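Notes follow once the structure below has been shown.
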Amino acid sequence: MKKVIIGMFAFCLGLGMVSCNKEVNAQDVVAKVKAEGANWDEAQWKDAFKDMFKAAAPMFDYMKEMEKKMKDAESGDDAAKIAAAAEIMKEAEAKQKEFEPLSKAFEEFSNIAEKNPVAKKLMEDKAFEQEMKKEFNLPEEMF
């Protein structure tokens, strides 16, 4: 049963990079990265990464909610665990459709960042990773 719960958590984490926020639009960030990112310094790329994470804030909240539901489900008997797992999966599937446009934006952002030496260096920087986790209150398992 734990494998099912862990599998669902991994699925939700997969959705972790997909959400929208009225304050920051991921598609706008991607457009800016495409237009200007090749000439950016480290500080500008850090801002772009933070903007993408701001766009994902509602998704991070959703993931925390799902994690709590999964932990709560562990305390029941097998039938309750299975029922809870099915409900969580059903809800996650519905959210996946909702978050699809943002998922594409994050994928595009990641592809661009991987090709830029400054951004790629940041993606591999453990100190920056810890800074992001702290700023956005992300779990250790996120990265």
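Small disclaimer: the values here were computed from a predicted structure and weren't measured.
Qualifying side chain to side chain donor-acceptor pair (under 3.5 Å) partners for Glu91, counting only residues two or more places apart in sequence or in other chains: Lys69. Contacts of Lys68 classified as salt bridge (Lys or Arg N to Asp or Glu O under 4.0 Å), with partners at least two apart in sequence or in another chain: Asp72. With sequence neighbours excluded, the residues that form a side-chain contact (heavy atoms from CB on, under 4.5 Å) with Glu107 are Asn111. Under the rule for a side chain to side chain donor-acceptor pair (under 3.5 Å), Lys115 has no partner lying at least two apart in sequence or in another chain. Shown here are the side chain to side chain donor-acceptor pair (under 3.5 Å) partners of Glu131, two or more places apart in sequence or in another chain: Lys50. Residues meeting the salt bridge (Lys or Arg N to Asp or Glu O under 4.0 Å) test with Lys126, sequence neighbours left out: Glu129.
Under a 4.0 Å N-O distance rule, the pair Lys46/Glu42 qualifies as a salt bridge. Ion pairing of Glu93 with Lys97 is absent here, as no side-chain N (NZ or NE/NH1/NH2) approaches a carboxylate O to less than 4.0 Å.
One finds the CH2 atom of Trp40 at 8.5 Å from the CG atom of Asp47 (value rounded to the nearest 0.5 Å). A distance of 13.5 Å separates CD of Glu135 from CZ of Phe49, quoted to the nearest 0.5 Å. Atom CG of Asp125 sits about 14.5 Å away from atom NZ of Lys120, to the nearest 0.5 Å.
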Test side chain to side chain contact (heavy atoms under 4.5 Å, CB included) on Lys104 and Gln27; report intermediate values, then the result. CA-CA 9 Å; Lys104 290 179 183 177; Gln27 288 83 5; over 6 Å; no

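Side-chain atoms of Glu124 do not come within 3.5 Å of backbone N or O of Lys121 as any donor-acceptor pair. Judged by distance alone, with hydrogens and angles left aside, the side-chain atoms of Trp45 form no donor-acceptor pair with the main-chain N or O of Leu122 at under 3.5 Å.
Residues Leu138 and Phe53 are in side-chain contact: their nearest non-hydrogen atoms beyond the backbone lie under 4.5 Å apart. Contact annotation: the side chain of Phe128 never approaches that of Met123 to less than 4.5 Å [non-hydrogen atoms, C-beta and beyond]. In this structure, Val29 and Val24 have side chains that are in contact, with non-hydrogen atoms separated by less than 4.5 Å.
Annotation for Val33 and Ala48: closest pair CG2-CB, 4.2 Å, computed over non-hydrogen atoms. Smallest separation of non-hydrogen atoms from Met52 and Val30: CE-CG2, 4.4 Å.
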